[in-house]
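First comes the structure, then the notes that go with it.
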Amino acid sequence: MAQAHFSSSSDFVREIIEEHMKTNRFQGRVATRFPPEPNGYLHIGHAKSVCLNFGIAAQYGGTCNLRMDDTDPSGESLEYVESIINDVRWLGFDWEDRLFYASDYFEQLYQCAVRLIKNGNAYVCSLSADEIRERRGTLTEPGKESPYRNRSNEENLHLFERMRAGEFEDGTHVLRAKIDMASPNITMRDPVLYRIKRATHYRTGGQWRIYPMYDFAHCLSDSIEKITHSICTLEFENNRPLYDWILDQLKLDSHPRQIEFARLNLSYTVLSKRRLIELVGKGSVTGWDDPRMPTIAGMRRRGYTPDAIRNFCDRIGVAKNDSLIDMALLEHCVREDLNERAPRVLGVLRPLRLVIDNYPEDQVEEFECFNHPQNSAMGSRKVPFSRVLYIEQDDFQENPQRKFNRLGPGREVRLRYSYIIKYASMVKDEQTGEITEVHCTYDPETRNAPPPDGRKVEGVIHWVSAEHSISAEARLYDRLFQVANPLGEEGDFTKYLNPKSLERIDSCRLEPSLKGAAPGSRYQFERLGYFCVDPIDSSPGGLVLNRIVTLRDSWTKVASRENK
RNA sequence: UGGGGUGUCGUCAAGCGGUAAGACACAGGUCUUUGGAACCUGGACUCGGAGGUUCGAAUCCUCCCACCCCAGCCA
């Protein structure tokens, strides 16, 4: 196993494994698997499972297989398979030659079903879906046995063969396990093992007319692959007795231990494949890879790093509590990683013209700027400076509010890496009253150095040279939903979509070094946040930057408090 | 109402009978040519509740309460 992302802390799953190692239950072997159904894109919740399964395998010197759990032809496709492969690999995991498909086991699975029938453990039921439901009983009442429950083994076998041969229409017959219609666990009330679906499977085509159900296919796939620990989410806890029952009836040597953990929930988004499909289908987002989506593809496009996501998965822990993780933790992990690796640059999102009255008209200076304030190994670059600059609109207030440490009438500020400037005057649009230009004077003695007289200025602001800067579009993303738990609120969850989750600004000005920035490359725009060159919409002629995450910003906190 | 789970700081989460880790968030502070980063400090007199066992309980026992999952020919 190439990767070595060991979890720093232990958890109950690892404790169980430790115990198995001690008692030699699996001869010291650890084999896990990540078994997605290829009917949608992977999201951050899947990443938790990927990290758990691959992480455990690596930690115990075992293996982790990637397995497509493709037992239901409707909705599954090659596109999804490819996206899953791509995403797991991008996250940094390697399954070597162990990419498997449940659909490759269809013949073996069929033979297992035949054995079950021969042993009198399964029967063909010819009730309709509705009739089966009616007889299943309720939470408090036992179910009723199917009238077909006592067909002879021969008849069952014959019928099952004919099901496979495609002699029956969808829904006319199913294969059921013969267990206990009175079981308090509804899963054990003669569960359906096979159904007829005359649908084309993306891999097996028209080869099969019957398809195994999850409960039948999953435990057997695990057993075939000699998985030792079958890690899944909490909602399958009720299915564990059936998982064990099937393997026990078939007397299979390889009998994995199923362990269930709590799935991830993240605040201000939804992590349910069905809901995400809905968002994509309704056009609420631009696609699976919309940077606002909690999908791996979306996060990748947004600019999140695999390291940040893996670190996040490590920090949230593994337990059995239903939890709702604060999005702030994910953002923290992203900032933590990007703070270290992203080169700093200057860029202005909403430009305000600033003229330095006493700076020579045609003079251009170049300032040496560090690419990283704490890491000199990342080098430096030269940024041109001239008489006319752009600064951030937010960095000037005509009547500065309390604690506003930026530019305003009568004030002095430092232009990052260059001079201290002093306010002189402003120009307003006569119609709108909007400030269109600010005039200042500069102090030549403060050229990228402290003022000789030691005076303090209001603060430091960023800038670009008007003439030398390049234009770009910025896409500022915010949380997808307005409420922490959209699925926990009244009514349709899409009601709570955040209408301001995307703001496009097409008039940004950036320092010229960004010209030709590679798609996917990430930068910190000083004082603003981390941005990623959009891998799809950006072009050499039209830079498009996705805001990955803002910098931690103590000013907006102060400002909102001051405004109360 | 049957069965299966879970309840420890705002959010996660350690703890496994010896007197409540850590992280994020939050609040103060130091430093700073990013209101960034870094660094320091603060916070659960208490572990869903009530009883009980014990010298000692978040940890063991009893009862109660709350929340989640299960009645797809989805996974």
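This one's a predicted model, so the numbers in the text were calculated from it and none came from an experiment. Chain naming here is simple, since letters A, B, ... match the order of the sequence lines and numbering starts at 1 in each.
The aromatic ring centres of A/Phe216 and A/Tyr194 sit less than 6.0 Å apart. Separation of the A/Tyr417 and A/Phe367 ring centroids does not fall under the 6.0 Å cut-off.
With a cut-off of 3.5 Å on both pairing distances, B/rA57 has no Watson-Crick or G-U wobble partner at all. Applying the Watson-Crick and G-U wobble criteria (two distances, each under 3.5 Å), B/rG17 pairs with nothing in any strand. When both distances must be under 3.5 Å, the Watson-Crick or G-U wobble mate of B/rA71 does not exist. Using N1 to N3 plus N6-O4 or O6-N4 for Watson-Crick, or N1-O2 and O6-N3 for G-U wobble, each under 3.5 Å, B/rU6 pairs with B/rA66.
Taking atom P in both B/rG5 and B/rU62, one finds a spacing of 16 Å when rounded to whole Å. Taking the C1' atom of each, B/rU59 and B/rG17 are spaced 6 Å apart, rounded to whole Å. Atom C1' of B/rU6 sits at a distance of 15 Å from the matching atom of B/rC47, rounded to the whole Å. A distance of about 28 Å separates the C1' atoms of B/rA38 and B/rA44, rounded to the whole Å. The separation of B/rC16 from B/rC60, taken at their P atoms, amounts to 11 Å, rounded to a whole angstrom. Nucleotides B/rC67 and B/rU1, compared at atom P, are 11 Å apart to the nearest Å. Here the separation of B/rG36 from B/rC70, taken at their C1' atoms, is 49 Å to the nearest Å. For B/rA57 and B/rG15, the C1' atoms lie 13 Å apart once the distance is rounded to whole Å.
A salt bridge links A/Arg33 with A/Asp222: at least one charged nitrogen is closer than 4.0 Å to a carboxylate oxygen. Salt-bridge check for A/Arg402 with A/Glu562: passed, with a basic side-chain N closer than 4.0 Å to an acidic carboxylate O. Between A/Glu37 and A/Lys273, no side-chain nitrogen of the basic residue sits less than 4.0 Å from a carboxylate oxygen of the acidic one, so the salt-bridge criterion is not met. A salt bridge is defined here as a Lys NZ or Arg NE, NH1 or NH2 lying under 4.0 Å from an Asp or Glu carboxylate O, and A/Glu237 with A/Lys320 meets this definition.
Using a 4.0 Å heavy-atom criterion, one finds that A/Glu237 contacts the sugar-phosphate atoms exclusively. Within 4.0 Å (heavy atoms only), A/Ser554 reaches sugar-phosphate atoms of the nucleic acid but no base atom. No engagement by A/Lys273 is indicated, since no non-hydrogen atom pair under 4.0 Å with the nucleic acid exists. Among the heavy atoms of the strands lying under 4.0 Å from A/Gln524 is at least one base atom, whether or not backbone atoms are also near. Within the nucleic acid shown, A/Arg335 has no heavy atom closer than 4.0 Å to any nucleic acid atom. At the heavy-atom level, A/Phe404 lies under 4.0 Å from base atoms of the strands shown. Residue contacts shown for A/Arg344 include a base, since a base heavy atom lies under 4.0 Å away.
Applying the salt bridge (charged side-chain N to carboxylate O under 4.0 Å, His left out) test to every pair with at least one member in residues 136-145 of chain A, sequence neighbours left out, gives these pairs: A/Glu145-A/Arg149.
With a glycosidic angle no further than 90° from 0, B/rG72 counts as syn. A glycosidic torsion no more than 90° from 0 defines the syn conformation; B/rC63 lies beyond that range and is anti.
Partners of A/His372 under the ring-ring contact (aromatic ring centres under 6.0 Å, His included) rule, at least two apart in sequence or in another chain, do not exist in this structure. Residues satisfying the ring-ring contact (aromatic ring centres under 6.0 Å, His included) criterion with A/Phe261, sequence neighbours excluded, are absent altogether. Checked against side-chain hydrogen bond (donor to acceptor under 3.5 Å, both in side chains), A/Thr172 has no partners two or more places apart in sequence or in another chain. In terms of the ring-ring contact (aromatic ring centres under 6.0 Å, His included) criterion, residue partners of A/Tyr214 (sequence neighbours excluded) are, by chain and number, A/His218, A/Phe236. Residues satisfying the ring-ring contact (aromatic ring centres under 6.0 Å, His included) criterion with A/Tyr304, sequence neighbours excluded, are absent altogether. Qualifying side-chain hydrogen bond (donor to acceptor under 3.5 Å, both in side chains) partners for A/Tyr80, counting only residues two or more places apart in sequence or in other chains: none. Contacts of A/Ser272 classified as side-chain hydrogen bond (donor to acceptor under 3.5 Å, both in side chains), with partners at least two apart in sequence or in another chain: none.
Phosphate contact (OP1/OP2 of B/rC24, side-chain N/O of A/His332, threshold under 4.0 Å): present. Applying the 4.0 Å criterion to OP1 and OP2 of B/rU33, one finds that A/Lys456 has every side-chain N and O outside that range. Under 4.0 angstrom from either OP1 or OP2 of B/rA37 there lies at least one side-chain N or O belonging to A/Arg552.
Within 6.0 Å of atom CD in A/Glu368, more than 12 heavy atoms from other residues, nucleotides or ligands are found, so the atom counts as buried in its surroundings.
Between the side chain of A/Arg527 and the base of B/rU34, no donor-acceptor pair under 3.5 Å is found. Judged by distance alone, with hydrogens and angles left aside, A/Arg240 brings no side-chain donor or acceptor close enough to the base of B/rG4 to form a pair under 3.5 Å.
The side chain of A/Arg561 lies closest to B/rA27 when the candidates are B/rG35, B/rU34, B/rA27. In this structure, of B/rG35, B/rU33, B/rA25, it is B/rU33 that holds the atom nearest to the side chain of A/Arg416.
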Show me the protein contacts with nucleotides 29-31 of chain B, counting only N or O atoms at under 3.5 Å.
none

Between the protein and nucleotides 38-42 of chain B, are there any N/O to N/O pairs under 3.5 Å, and if so, what are the atom names and distances?
none

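Judged purely by distance below 3.5 Å, without hydrogens or angles, the side chains of A/Tyr202 and A/Glu79 never pair a donor atom with an acceptor atom.
Taking atom CH2 on A/Trp555 and atom P on B/rU32, their separation rounds to 21 Å, with Å as the unit.
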Next on the checklist: Protein within reach of the bases, or only the backbone? For nucleotides 69-75 of chain B, mark each nucleotide 5' to 3' as B, S or -, using heavy atoms under 4.0 Å.
Outcome noted: BBBSBSB

Checklist entry - How does protein contact run along nucleotides 10-17 of chain B, one letter per nucleotide 5' to 3', with B for base contact, S for sugar-phosphate only, - for none, heavy atoms under 4.0 Å? => result -SSSSSB-

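Taking the six-membered ring where tryptophan is involved, the planes of A/His43 and A/His46 are tilted, since the angle between them lies from 30° to 60°.
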